[in-house]
Amino acid sequence: ERQDMQKTLEQNRQANGTTEFEVTFPKAFLANPNIYVNVVTSRPDLRSASVKSRTKLGFTGAVYNDSSAGTVVVFWSAITP
């Protein structure tokens with residue numbers, strides 16, 4: 001079985017640092033899913049996102065922002081084969 005969920009997060013991020021964020025899945029997975037995150041930015045050299053931990057119920061991610069403070073859009077997808 002395969003589940004695919006997507007959502008866009010818009011949150012204020014501090015300048016020149018890393019900020020964590022939490023995501024709870026609308027429906028629990030049967031096993032820990034593979035999670036893919038991307039930052040929507042015109043400067044990928046200054047902003048990035050990563051997954052720090054994951055469970056069947058959600059994940060903790062982090063956004064690195066080496067630019068001025070402001071809204072950063074993170075797109076994520078969680079998939080199990």
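Quantities reported herein were computed from a predicted structural model and do not represent experimental measurements.
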Look up atom [atom1] in [X] and atom [atom2] in [Y], then write down how far apart they are to the nearest 0.5 Å.
X: Thr18; Y: Lys52; atom1: OG1; atom2: NZ; answer: 8.0 Å
X: Phe29; Y: Thr55; atom1: CZ; atom2: OG1; answer: 10.0 Å
X: Ile35; Y: Ser53; atom1: CD1; atom2: OG; answer: 8.5 Å
X: Thr60; Y: Glu20; atom1: OG1; atom2: CD; answer: 6.5 Å

Exercise: identify the closest heavy-atom pair between [X] and [Y]:
X: Arg54; Y: Asn32; answer: NH1-O, 3.5 Å
X: Ala31; Y: Thr80; answer: O-CG2, 3.7 Å
X: Val39; Y: Arg47; answer: CG1-CB, 4.0 Å

For this session: Give the intermediate values and the outcome of side-chain contact (heavy atoms from CB on, under 4.5 Å) for residues Asn38 and Tyr36.
Result: CA-CA 7 Å; Asn38 287 303; Tyr36 307 92; 5.5 Å; no

For this session: Show the numbers, then the answer: is there a ring-ring contact (aromatic ring centres under 6.0 Å, His included) between Trp76 and Phe25?
Result: CA-CA 11 Å; Trp76 64 266; Phe25 301 133; 5.6 Å; yes

Exercise. Got a sec, which pairs hit salt bridge (charged side-chain N to carboxylate O under 4.0 Å, His left out) with one end in residues 34-46, sequence neighbours left out?
Worked result: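 Of all non-adjacent pairs touching residues 34-46, those that pass salt bridge (charged side-chain N to carboxylate O under 4.0 Å, His left out) are Arg43-Asp45.
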
Exercise. How about Thr19 and Tyr64: do any of their side-chain heavy atoms sit closer than 4.5 Å?
Worked result: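 No; the side chains remain at least 4.5 Å from each other.
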
For this session: Taking the side chain as every heavy atom from C-beta outward, state whether Thr24 and Phe59 have any atom pair closer than 4.5 Å.
Result: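 Result no, sub-4.5 Å side-chain heavy-atom pair not found.
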
